[in-house]
Amino acid sequence: MIRTSVLHQTHVLVSREDPPQSPELSFKLGEKECVSLLKKCSNMEEFKQSHARILKLGLFGDSFCASNLVATCALSDWGSMDYACSIFRQMDELGSFQFNTMMRGHVKDMNTEEALITYKEMAERGVKPDNFTYPTLLKACARLPAVEEGMQVHAHILKLGLENDVFVQNSLISMYGKCGEIGVCCAVFEQMNERSVASWSALITAHASLGMWSDCLRLLGDMSNEGYWRAEESILVSVLSACTHLGALDLGRSVHGFLLRNVSGLNVIVETSLIEMYLKCGSLYKGMCLFQKMAKKNKLSYSVMISGLAMHGYGREGLRIFTEMLEQGLEPDDIVYVGVLNACSHAGLVQEGLQCFNRMKLEHGIEPTIQHYGCMVDLMGRAGKIDEALELIKSMPMEPNDVLWRSLLSASKVHNNLQAGEIAAKQLFKLDSQKASDYVVLSNMYAQAQRWEDVAKTRTNMFSKGLSQRPGFSLVEVKRKMHRFVSQDAGHPQSESVYEMLYQMEWQLKFEGYSPDTTQVLCDVDEEEKKQRLSGHSQKLAIAYALIHTSQGSPIRIVRNLRMCNDCHTYTKLISIIFDREITVRDRHRFHHFKDGACSCRDYW
DNA sequence: TTAGGGTTAG
C-alpha cells in the first residue's frame, strides 16, 4: 500500500514538468529520493531516521534502495557493521553487490576474517563473485596475512576469467607482496598487458617491505623508463626508505628535489622520511635543518630525529630534542625510549642513560622490554662496565635473548675481557646461535690472547654447524650509483686502478707515521700476510675507488655491514687529512665523520 | 544503476 502511494506521488511530481513517464522511471525517482536521504546522513542518529523513512515509504523492498542503505551504513566513517548486518539479513535479494559491500565493510573495520567468511557464504548461496569482489577479498588475505587462502582466491579468479582486470591484478601483486611471495608477485606483474601507476606502486612497496632495497631503486628506474613517472608520494616514500637503507644520499637528494618541484606542501610522513634519509645517509646538518623547519612534528618525527642524533654520536643533543618533545606535550612510547637510550649509549652517557631508564617506567608507565635492556647492556658494555652489564642481565625479569648476549660479547671484545666474552659466547651457543659472527668474535678474542688451540676449536665448532662467515662489505656512492667492495676484492671491473690507488695511499700514509695495526688480523699468519690482509679491507678499497672517481675536495660516503676495525679507523682518519676529504662511514649502528685527521666518535664507539 | 587497486615513517 505504502509503495503504491509513493509511486503515485513521484508520478505526480514528474508529470508536472514532463510528459507522462513510464511506471519504471517513476519508480527510479523513489530510488533517487532514497539516495538523497542517505546522502544527507552524517551520523548514526540521522541514518536511523532515514532508515525509518525509507521503510515508511516502502522503499526497502526495492533492491537498489536496500543495497544503498546497507552500503551507507557499512562504509561510512560513522557507520556500524552490526547495524549493516541486521539490515543485510533482512534483505530478500542478495547478489554480488550486496556481498561485496559487506566484505568491504568488514575489511574497513579491520575484521578481515569476517570478510573471508562472507565470501564463503556468498559461494554457499550460489552468488557469483565479480571483478569487484576480488580487490576487497585480496586485501583481507594480504592483511591477515593468509597466503594459502590468497592462492585459493587466485585460482577462483582464473576460473572465473577475471585475471585480466587491472584492479584484480594490482590487488594480487599487493597480496603476494605482503605475504612475502615476491616471486609470484613479480610473475603477476610481468604477465600484465596493461599497467597503471598503482601496479608499479604495489610492486615497489612489496620490494621495500621485504627489504629488497636495490630492487626498489631498479624498479623506480624501470617505471620512469616506461613513462609512468609522476608525483606519487607513497612510491617516493618507499624509494626514500630504500635510499636510507643503502646510504644512497645523492639519489635521496634527487627524490627530495623532485618532491619540491612537483608536490606542494609535503605531508608529515614524507617529511619524516626525508629527514630519516638525510640522517641515516650521513647528512646530519640537512636532516636537522628539515626537522627544525617542520611546521607540525609528531612523535615519529621526534623519534627519527633522536635516533638519528644517537647514530651520529650526539647524545646530549638527542636528550635535548627529547626534552623538547615532552614540552610539546607529546607522550613518548617504548620506541622513542629505545632512541633515547641509544643516544646515551653512543655518547657514553651512562648516568643519563640510567636516569632515562628509570624515568621511562616511573614517569611514563612504560615497562622496559627486552629491547630496552639490550640498550642498557650496550650502554654499560661500551663504557667498559662489563660486570655491571652482566649483573643487569641476571636481574632481568625475562630470559635474555641472543641480542643481549651478543651485545655483551661485543663489549667484552672491545674491552678485552675474555672471561665475560666466554660467558656470553657460551650462552649464545646454548641458544643455538646460527650466526657465524658469534664464533668469529670469540675466536678472535682467543687469537688476541694467543690461545691458538681455542681458536681452532671454536672455528671447527663453527664449521661443524655448517656456518660460514658473512663477508664484510662496503658500499660507496659515486655518480648516483652504489659500488660494492668486499675484503680483498678483485671482482670490481676497475680493480686494477683501485689497487694502484691503494698503493699510492699507503705510500703517503707512511709519511704521516701510519703503521698497520696487525693485531687486528686475528689469524695465525706471518706479519707480511697480516699487512696484506689489512690493506685489502673493503673500506679501504671503497675509499680508493671514491678518491679516483670523485672530484677533489668532495665528501666520500661509505656504508658498511659490519663494525670497522681499529686499523681502518686510524687509516681513514689519516686519509681525511692527507687528501683533504670529509669521509663519512656508516656501520650497522652508527656514523663516523672523519675530518682533518679526527673522527666525530672521538674514538669512542 | 551503486563500488574496486597502490597510503607510504621510528
Side-chain angles (χ1 to χ4, degrees), chain A residues 24-25 27-28 31-32 34-35 38-39 62-72 74-75 95-105 107-108 129-139 142 162 165-175 177-178 185 188-189 192 195-209 216 223 228 230 232-242 244-245 255 259 266-277 279-280 297-308 310-311 325 332-340 342 371:
Chain A
E24 201 193 332
L25 198 56
F27 186 75
K28 297 259 179 206
E31 293 179 349
K32 267 188 182 171
C34 165
V35 170
L38 292 170
K39 264 192 181 165
D62 174 53
S63 173
F64 179 84
C65 291
S67 304
N68 275 294
L69 195 68
V70 175
T72 307
L75 305 173
S96 64
F97 178 79
Q98 290 74 23
F99 276 100
N100 293 347
T101 304
M102 290 308 284
M103 280 174 26
R104 281 176 64 207
V107 170
K108 185 185 135 279
D130 57 21
N131 49 333
F132 287 93
T133 309
Y134 291 105
T136 310
L137 188 63
L138 290 167
K139 202 177 192 176
L162 296 170
D165 183 297
V166 73
F167 284 82
V168 173
Q169 290 168 319
N170 292 346
S171 307
L172 279 168
I173 294 169
S174 179
M175 183 275 292
K178 292 211 169 90
C185 169
V188 173
F189 181 83
M192 289 174 84
R195 291 165 187 150
S196 63
V197 176
S199 322
W200 286 98
S201 172
L203 189 71
I204 293 175
T205 308
H207 284 84
S209 68
C216 263
M223 177 182 153
Y228 282 99
R230 77 169 198 219
E232 278 279 339
E233 287 185 344
S234 64
I235 298 181
L236 293 176
V237 168
S238 292
V239 171
L240 282 172
S241 187
T244 302
H245 284 87
V255 169
L259 282 165
L266 302 179
N267 70 37
V268 68
I269 299 178
V270 178
E271 277 191 302
T272 308
S273 305
L274 274 169
I275 292 169
E276 195 189 17
M277 182 278 294
L279 292 174
K280 293 199 175 167
K297 300 170 185 132
N298 64 15
K299 183 163 67 183
L300 257 84
S301 330
Y302 275 101
S303 187
V304 162
M305 194 64 228
I306 295 167
S307 303
M311 282 188 88
M325 176 186 166
D333 62 13
D334 55 333
I335 305 176
V336 172
Y337 262 107
V338 169
V340 171
N342 268 331
Q371 233 188 323

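The sequence lines fix the lettering, A, B, ..., with proteins before strands; numbering per chain opens at 1. Computed over heavy atoms, backbone and side chain alike; hydrogens, waters and symmetry mates excluded.
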Remember a base hit wins even if backbone is also touched, and classify A:Val336 as base, sugar-phosphate or nothing at under 4.0 Å, heavy atoms.
base
According to salt bridge (Lys or Arg N to Asp or Glu O under 4.0 Å), who are the partners of A:Lys297, at least two apart in sequence or on a separate chain?
A:Glu324
Determine the contact category for A:Thr136: base if any of its heavy atoms lies under 4.0 Å from a base atom, sugar-phosphate if only primed atoms, P, OP1 or OP2 are that close, otherwise nothing.
nothing
Among B:dG10, B:dT7, B:dA3, which nucleotide sits nearest the side chain of A:Phe132?
B:dA3
Do A:Asn100 side-chain and B:dG4 base share a donor-acceptor contact under 3.5 Å?
no
Distance, rounded to the nearest Å, where A:Asp130 contributes CG and B:dT2 contributes P:
11 Å
Just checking A:Val197: base, sugar-phosphate only, or nothing, at a heavy-atom cut-off of under 4.0 Å?
base
Sugar-phosphate only, base, or nothing, as touched by A:Ser196 at under 4.0 Å among non-hydrogen atoms:
base
Taking B:dG10, B:dA3, B:dT8 as options, the one with an atom nearest any side-chain atom of A:Val237 is B:dT8
With a 4.0 Å limit, can you tell me whether A:Lys139 has a side-chain N or O closer than that to the phosphate oxygens OP1/OP2 of B:dG6?
yes
Any base atoms under 4.0 Å from A:Thr272, or only sugar-phosphate, or nothing? Heavy atoms, all strands.
base
For A:Ile306 and B:dG10, what is the distance between atoms CD1 and P respectively, to the nearest whole Å?
15 Å
If you take atom types as modelled and just measure distance, does the side chain of A:Glu31 reach the base of B:dT1 with a donor-acceptor pair under 3.5 Å?
yes
Which word best sums up how the rings of A:Trp200 and A:Phe189 line up, parallel for under 30°, tilted for 30 to 60°, or perpendicular for over 60°?
perpendicular
A:Lys39 side-chain N/O to B:dT2 phosphate OP1/OP2 under 4.0 Å:
no
Between A:Tyr228 (OH) and B:dG6 (P), how many Å, whole number?
18 Å
Looking just at side-chain N and O atoms, do A:Asp334 and A:Gln371 make a donor-acceptor pair shorter than 3.5 Å?
no
Residue pair A:Gly177 / A:Ser209: nearest heavy atoms and the distance that separates them
O-OG, 4.3 Å
Between A:Asn131, A:Asp130, A:Thr136, which is the residue that forms a side chain to side chain donor-acceptor pair (under 3.5 Å) with A:Asn100?
A:Asp130
Look at all strands and tell whether A:Ser238 reaches a base, only sugar-phosphate, or nothing, counting heavy atoms closer than 4.0 Å.
nothing
